[in-house]
Colleague: 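Just passing along the structure, written as structure tokens.
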Amino acid sequence: MKTLPLKEAFLAKATIVRQHLNSALVILCFIIVSMCLPACSKDDNGGGEPTGDYYFRAKIGGKAVNFHSVNFQGGGDDNRFEHIVIGGVETSYPASGPVPPSLDFEIWRLGGNITAGTYATPVEKEMIARYAIQKTEGTLIYNTSYSDDVFTVKIEAISKTGIKGTFSGTVRNSAGEAIDITDGTFNLPYETTINP
């Protein structure tokens, strides 16, 4: 039996190992590509944007507004909604100048679960609605904490997919001036910013 010098023996074994490793890499690449290709689709809209008719609309003091940069966020323990926030701004953000007025409302039930149903102030102490107007001297805030005005949110459906419902009510500033918000309606995906 002929023995190879140590260097040649090592190179012969390394060549065999490389061939097996290359075969394993080819198989691994094939598996990864096979798994990724079905995830691609001609119907993919390319930007992660939600499909469907999503919106956050209301009349603010009688003026119809289709809000921009709208977002629905929430969360809690055990896959529950212990806290939710929905909000947006009246127009797209300008390149310079003041931020447009914004509207948001939030509901929280620490240890509980926010489900489909009706939520209203002042009965619901764990709820607030805010309308903010940016001015050069500061932010003028109207909300539901200054008075016993009624602000109602009716949630028709809520899940980690999205939320749908209606809202209306009155918000007031610290000087007692009120703004009525009517015909509010929303249909939003979860944690995705929407622009009309």
Colleague: Do you know the tightest heavy-atom contact between Ala116 and Ala157?
Modeller: CB-N, 4.5 Å

Colleague: Which distance, rounded to the nearest 0.5 Å, do you find between the OG1 of Thr118 and the NZ of Lys154?
Modeller: 5.5 Å

Colleague: Would Tyr146 and Glu177 count as having a side-chain donor-acceptor pair, cut-off 3.5 Å?
Modeller: no

Colleague: Under a 3.5 Å cutoff, is there a donor and acceptor pairing between the side chains of Asn143 and Ser145?
Modeller: yes

Colleague: List the atom of Ala58, the atom of Gly184, and the distance in Å for their closest heavy-atom pair.
Modeller: CB-CA, 3.8 Å

Colleague: Side chains of Lys164 and Tyr55, heavy atoms from C-beta outward: is any pair under 4.5 Å?
Modeller: yes

Colleague: Which atom names give the shortest non-hydrogen contact between Ser102 and Val89, and what distance separates them?
Modeller: CB-CG1, 3.8 Å

Colleague: Side chains of Phe67 and Ile60: closer than 4.5 Å at any heavy-atom pair?
Modeller: yes

Colleague: So, using side-chain hydrogen bond (donor to acceptor under 3.5 Å, both in side chains) as the criterion, who are the partners of Ser147 when residues are at least two apart?
Modeller: none

Colleague: Would you check, one step at a time, whether the test salt bridge (charged side-chain N to carboxylate O under 4.0 Å, His left out) holds for Lys160 with Glu191?
Modeller: CA-CA 9 Å; Lys160 293 290 180 165; Glu191 294 186 337; over 6 Å; no

Colleague: For a quick test of reading the model, state the closest non-hydrogen atom pair linking Gly88 to Phe56 and the distance between them.
Modeller: N-CE2, 3.9 Å

Colleague: Using 0.5 Å steps for rounding, measure from the CD1 atom of Ile141 to the CZ atom of Arg130.
Modeller: 8.0 Å

Colleague: Without swapping roles, check the side chain of Arg109 against the backbone of Asn113 for a donor-acceptor pair under 3.5 Å.
Modeller: no

Colleague: From Thr161 OG1 over to Leu188 CG, what is the distance, rounded to the nearest 0.5 angstrom?
Modeller: 13.0 Å

Colleague: Do Glu90 and His68 have a side chain donor and acceptor closer than 3.5 Å?
Modeller: no

Colleague: Would one find more than 12 heavy atoms of other residues, nucleotides or ligands at under 6.0 Å from atom NZ of Lys59?
Modeller: no

Colleague: Is there a side-chain contact between Ile133 and Tyr142, using heavy atoms and a 4.5 Å cut-off?
Modeller: yes

Colleague: Would you please test Ile128 and Thr121 for side chain to side chain contact (heavy atoms under 4.5 Å, CB included) and show each step?
Modeller: CA-CA 7 Å; Ile128 190 167; Thr121 65; over 6 Å; no

Colleague: My understanding is that only one of Ile86, Leu103, Thr185 makes a side chain to side chain contact (heavy atoms under 4.5 Å, CB included) with Phe167; could you say which?
Modeller: Leu103

Colleague: Supply the atom-to-atom distance Ser159 OG to Phe81 CZ, rounded to the nearest 0.5 angstrom.
Modeller: 6.5 Å

Colleague: Just one of Thr192, Ile158, Ile194, Thr193 clears the side chain to side chain contact (heavy atoms under 4.5 Å, CB included) bar with Phe72, so which one?
Modeller: Ile158

Colleague: Do Arg80 and Thr115 have side chains that approach each other closer than 4.5 Å (heavy atoms only, starting at C-beta)?
Modeller: no

Colleague: Is there side-chain contact between Asp77 and Glu82, with at least one heavy-atom pair below 4.5 Å?
Modeller: yes

Colleague: Evaluate the criterion side chain to side chain contact (heavy atoms under 4.5 Å, CB included) for residue pair Val153 and Phe151; output intermediate values, then yes/no.
Modeller: CA-CA 7 Å; Val153 175; Phe151 191 95; 3.9 Å; yes

Colleague: Any heavy-atom pair between the side chains of Ser168 and Asp183 that's under 4.5 Å?
Modeller: no

Colleague: Would you indicate whether the side-chain heavy atoms of Ile84 and Ile163 approach each other to under 4.5 Å?
Modeller: yes

Colleague: Restricting to non-hydrogen atoms, name the atom on Pro189 and the atom on Tyr54 that form the minimum distance, rounded to 0.1 Å.
Modeller: CD-CD2, 3.3 Å

Colleague: I need the Phe105 CZ to Thr144 OG1 distance, nearest 0.5 Å.
Modeller: 11.5 Å

Colleague: Would you say the side-chain atoms of Asp149 pair up with the backbone N or O of Val171, donor to acceptor, closer than 3.5 Å?
Modeller: no

Colleague: If you apply the rule side chain to side chain contact (heavy atoms under 4.5 Å, CB included), what do you find for Tyr119 with Ile114, and how did you get there?
Modeller: CA-CA 9 Å; Tyr119 302 84; Ile114 299 166; 3.7 Å; yes

Colleague: Taking the side chain from Asn187 and the backbone from Asp53, do they hold a donor-acceptor pair closer than 3.5 Å?
Modeller: yes

Colleague: Are Glu106 and Met127 close enough, and set up right, to give a side chain to side chain contact (heavy atoms under 4.5 Å, CB included), and what steps lead you there?
Modeller: CA-CA 6 Å; Glu106 63 181 298; Met127 175 178 162; over 6 Å; no

Colleague: Nearest 0.5 Å, please: how far is CD1 in Ile179 from NZ in Lys63?
Modeller: 11.0 Å

Colleague: Is there side-chain contact between Thr170 and Ile181, with at least one heavy-atom pair below 4.5 Å?
Modeller: no

